[in-house]
2 protein chains.
Amino acid sequence: MANIKDVAERAGVSVATVSRVLNGHSPVAATRDRVLAAVAELGYRPNSVARALRTARTGALGLLIGDLTNPFFTELADAVEDEARSLGYSLVIGNAGESPQQQDDHIRTLIDRRIDGLLVSSAGTGSPVLRETAAAGTPLVLLDRAVDGLDVPCVRADGRAALADLAAHFAALGRRRPAIIVAPAGTRTGADRLRFFREALRPYGIELPDERVGATPDLQPTGGRRVMRGFLDLPEPPDAVLATDNLMALGAMDEIRARGLRVPDDLALVVYDDVPWFRHTDPPLTAIAQPTRELGRAAVHTLLERIEGRPAESVLLPARLVPRRSCGEPVPEHAPHTPEPADEARAPVREHAPHAPVPTDAPRTTDGSNGSDTDTNTNTNTNSDTESDTDTHNERGSA
Amino acid sequence: MANIKDVAERAGVSVATVSRVLNGHSPVAATRDRVLAAVAELGYRPNSVARALRTARTGALGLLIGDLTNPFFTELADAVEDEARSLGYSLVIGNAGESPQQQDDHIRTLIDRRIDGLLVSSAGTGSPVLRETAAAGTPLVLLDRAVDGLDVPCVRADGRAALADLAAHFAALGRRRPAIIVAPAGTRTGADRLRFFREALRPYGIELPDERVGATPDLQPTGGRRVMRGFLDLPEPPDAVLATDNLMALGAMDEIRARGLRVPDDLALVVYDDVPWFRHTDPPLTAIAQPTRELGRAAVHTLLERIEGRPAESVLLPARLVPRRSCGEPVPEHAPHTPEPADEARAPVREHAPHAPVPTDAPRTTDGSNGSDTDTNTNTNTNSDTESDTDTHNERGSA
DNA sequence: ACAGCTCGGGTAATCGATTACACGCGACCA
DNA sequence: TGGTCGCGTGTAATCGATTACCCGAGCTGT
């Protein structure tokens with residue numbers, strides 16, 4: 001493979017000149033053409049490894065996600081990649097497989113490869129390696145999953161309003177024995193979702209006792225199934241279940257199906273994360289949709305702020321309830337999707353619970369851990385149209 | 001961040017010694033301990049950029065996939081990553097978004113970063129960049145999607161037997177007006193699936209006329225929906241549709257649903273690629289499952305052969321039909337999944353069509369492009385158990 | 001006791017780029 | 001006409017590792 005020296009010789013100049021031409025540090029026309037000709041003839045491409053060594057910049061960002069086979073993360077990664085590419089960075093995706101140890105391996109590898117910054121959707125509770133990385137000054141931004149006691153900006157969705165809507169939904173449909181399947185104990189995300197759900201139910205006089213709170217060990221279908229089994233074996237089984245992750249919901253559905261039960265007749269089911277298949281399940285699933293692509297975009301911007309040395313704040317974007325038929329009537333799923341694009345975008349979205357005194361008002365700052373960690377929406381992108389993202393399936397040009 | 005010089009000073013030795021100790025080129029105990037102590041105290045980690053520059057090896061493999069939001073690719077990537085990691089390589093995933101141009105961008109970036117080898121699931125027809133890469137001698141292996149006229153090993157699934165089973169299935173159920181939704185014209189995968197399906201139907205006297213062959217422009221749900229609309233607007237609409245990709249199937253289901261039609265009553269639907277949600281759709285979908293994880297593993301091994309300079313052969317692993325209820329009776333979906341793990345593994349799998357003279361016999365080599373491109377299964381891994389992979393959902397330890 | 005061999009470890013070249021510094025040449029001004 | 005300024009370009013240091021080569025000390029054999 002040709003290197004800069006070959007180009008220099010061929011063009012009859014020094015390597016310095018070649019470098020300068022290629023980096024636009026020398027806008028001279030004379031030698032410039034000779035150099036460019038030589039580059040073209042040799043098919044020369046600069047060696048990014050050498051460049052990175054010299055400049056101490058790789059032009060790559062790292063993204064650690066919990067699970068590559070989880071459609072939520074996959075969409076997140078897709079959005080992050082798009083944004084990173086459009087800003088001239090390439091993205092290295094690391095898959096933790098929900099294992100903190102594997103996550104640590106990846107963090108180390110990425111740091112060793114001198115990525116310019118790191119986005120982490122942390123598996124488990126934050127590991128020591130993660131804390132060291134933050135302490136070492138590596139530009140770091142948390143994505144989707146906050147980590148207690150880690151003073152680093154975090155970009156994630158705020159589910160409070162959506163959970164309030166859900167509580168209203170349950171109340172309106174007479175579901176009074178809800179249950180929740182949450183992420184492993186100790187994770188901030190699981191704890192938050194549980195707490196907000198409980199708080200949202202209270203105004204309706206609906207209880208969420210501990211026996212109807214099931215933590216999975218693994219954030220996988222198996223775990224969801226196991227928890228659902230426990231619920232169904234209860235003397236008084238729940239009449240509505242919220243699975244706080246789509247994979248756990250999958251396992252829960254397996255168990256429901258295996259017992260010959262029907263949704264929503266025997267049990268209502270609601271899922272966190274909205275994936276395209278939920279419209280086609282039996283029945284179509286009511287879901288809490290996170291603004292996945294916006295989260296990805298915001299995370300990249302936040303990380304770039306850090307990389308460029310500016311202070312960056314946390315970002316919190318609202319999630320929303322997408323009612324379908326898995327909680328029972330009345331949600332008639334209005335004559336399904338006739339227009340081609342952007343059909344789902346018109347799904348009923350309520351910004352505040354319609355008929356109830358929901359506690360979404362004043363004291364927004366509920367956690368004391370991170371000072372800047374409130375409603376601050378630092379979303380900087382100027383895209384005013386929110387449509388095409390919450391849309392049916394993310395479409396891609398080429399047609 | 002500490003470098004090798006700092007370590008050398010602290011240990012009172014030269015950088016050469018440090019390097020030797022760290023690379024095991026010097027099994028001496030005396031200085032060794034001092035060096036290791038210094039490494040530990042400083043928290044030193046070798047700079048892989050510098051190392052890569054010197055050794056001309058990065059220890060990274062590249063994987064280009066068609067679409068990150070496609071669960072088939074996602075599972076493939078997951079498998080490739082697992083295998084690469086277990087062999088000491090890290091993986092850089094590039095998402096082409098089914099755009100050949102974006103794919104070319106990625107290829108170039110990866111080559112510039114001097115990855116040790118490249119796995120490509122090519123979007124569109126093979127691009128010039130891809131051909132140049134192969135010609136330049138970069139270790140290259142194609143994955144899932146073959147590219148005509150590119151003399152490079154390819155690891156993919158053989159759908160012939162599964163399609164033969166499907167033809168038998170259709171014949172047995174009296175479906176005599178099949179249709180097929182295929183990938184964009186020009187792609188080898190689309191052409192193959194179409195041809196094999198047609199050939200498989202012939203023995204039953206079932207025709208597959210061109211009007212019931214729909215190519216999507218984009219391999220996305222939108223395209224699938226558009227094609228399905230065309231089919232349903234036909235004077236004689238099909239009574240069975242095979243979507244050769246899960247995303248296109250999703251779009252097809254959108255259209256079916258929008259028209260208020262029912263599967264399988266009004267139309268049978270079969271999907272290429274088996275994703276976990278297909279068991280929960282309405283109705284559960286009959287699918288053609290590819291041995292995704294095995295493909296990923298085999299691809300990594302094949303690539304390593306190339307990297308180490310050995311010749312490598314193409315790999316062809318059989319796909320299989322997983323009958324569910326989307327073609328009508330009789331496939332009663334035997335009392336769904338009672339045992340917890342590995343339930344789907346027991347689904348009826350027929351290696352050869354049960355009751356018909358299917359043309360799967362002698363002339364296996366149907367394409368003349370690549371000499372070594374036959375049934376050769378070069379799968380080298382010694383894992384004898386095939387179980388846990390074709391299983392319900394891929395489970396991951398941690399519990 | 002001395003030649004020769006082994007072996008640990010230091011010196012310095014090297015990978016392929018970027019970039020500070022210096023130099024030469026032409027132009028401009030006094 | 002001579003000095004200075006500026007511009008374009010070359011020389012060489014540098015990034016952080018690996019590794020060929022060489023040197024010196026200690027051990028062995030005769």
Side-chain angles (χ1 to χ4, degrees), chain A residues 1-39 42-60 90 108-116 136 138, chain B residues 1-39 42-60 90 108-116 136 138:
Chain A
M1 210 168 287
N3 62 21
I4 198 172
K5 221 158 137 189
D6 301 329
V7 176
E9 277 171 22
R10 177 142 196 149
V13 298
S14 76
V15 293
T17 303
V18 176
S19 174
R20 279 190 278 252
V21 167
L22 259 33
N23 291 291
H25 293 325
S26 169
V28 231
T31 43
R32 185 186 159 82
D33 291 344
R34 287 221 312 287
V35 170
L36 292 182
V39 164
L42 293 171
Y44 167 73
R45 311 224 76 221
N47 181 329
S48 340
V49 176
R51 184 205 298 256
L53 176 60
R54 183 61 235 254
T55 61
R57 286 195 62 255
T58 52
S90 61
R108 267 196 272 259
T109 308
L110 290 171
I111 302 284
D112 289 353
R113 290 191 192 282
R114 296 295 190 274
I115 43 147
D116 294 338
T138 310
Chain B
M1 210 167 289
N3 63 21
I4 198 171
K5 223 159 137 187
D6 301 329
V7 176
E9 279 172 21
R10 177 141 196 148
V13 298
S14 75
V15 293
T17 304
V18 176
S19 174
R20 279 190 278 250
V21 166
L22 260 33
N23 292 291
H25 294 327
S26 169
V28 231
T31 43
R32 185 187 160 81
D33 292 343
R34 288 219 313 286
V35 170
L36 293 181
V39 164
L42 294 171
Y44 168 74
R45 311 225 76 222
N47 181 329
S48 345
V49 176
R51 184 205 298 257
L53 176 60
R54 184 60 236 255
T55 61
R57 285 195 64 254
T58 52
S90 61
R108 268 196 271 259
T109 308
L110 290 171
I111 302 285
D112 289 353
R113 291 192 193 281
R114 297 295 189 273
I115 44 146
D116 294 338
T138 309

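This structure is a prediction, so every number in the text was calculated from the model and none was measured.
Using a 4.0 Å heavy-atom distance criterion, T55(B) is classed as a sugar-phosphate-only contact. Backbone-only contact: T31(B) has heavy atoms under 4.0 Å from sugar-phosphate atoms and none from a base.
Listed by chain and residue number, D116(B) satisfy the side chain to side chain donor-acceptor pair (under 3.5 Å) test with T58(B) (two or more places apart in sequence, or in another chain). Taking S48(B) as the reference, nothing meets the side chain to side chain donor-acceptor pair (under 3.5 Å) condition, with sequence neighbours excluded. When the side chain to side chain donor-acceptor pair (under 3.5 Å) test is applied to D112(A), the partners found at least two apart in sequence or on another chain are R45(B).
End-to-end axis angle of the helix from dA1(C)-dT30(D) to dA30(C)-dT1(D), using five pairs per end and rounding to 10°, comes to 50°.
Closest contact between the side chain of N47(B) and the listed nucleotides dG16(D), dA17(C), dT18(D) involves dG16(D).
Considering only heavy atoms from C-beta on, L36(A) comes within 4.5 Å of V21(A) through its side chain. With contacts defined as side-chain heavy-atom distances shorter than 4.5 Å, the pair S14(B)/T17(B) qualifies. Contact check for R20(A) versus T31(A): no side-chain heavy atoms found under the 4.5 Å cut-off.
At least one donor-acceptor pair under 3.5 Å links the side chain of T55(B) to the backbone N or O of R51(B). Looking only at distances, a side-chain donor or acceptor of N3(B) sits under 3.5 Å from a matching main-chain atom of K5(B).
Judged by atom type and distance alone, R114(B) does not reach the base of dG16(C) through any side-chain donor-acceptor pair under 3.5 Å.
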Q: Go along nucleotides 22-27 of chain C 5' to 3' and tag each nucleotide: B for a protein heavy atom under 4.0 Å from its base, S when only backbone or sugar atoms are that close, - otherwise.
A: ------

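Within a heavy-atom distance below 4.0 Å of DNA chain D, the residues of residues 1-17 of chain B found are N3(B), I4(B), A16(B).
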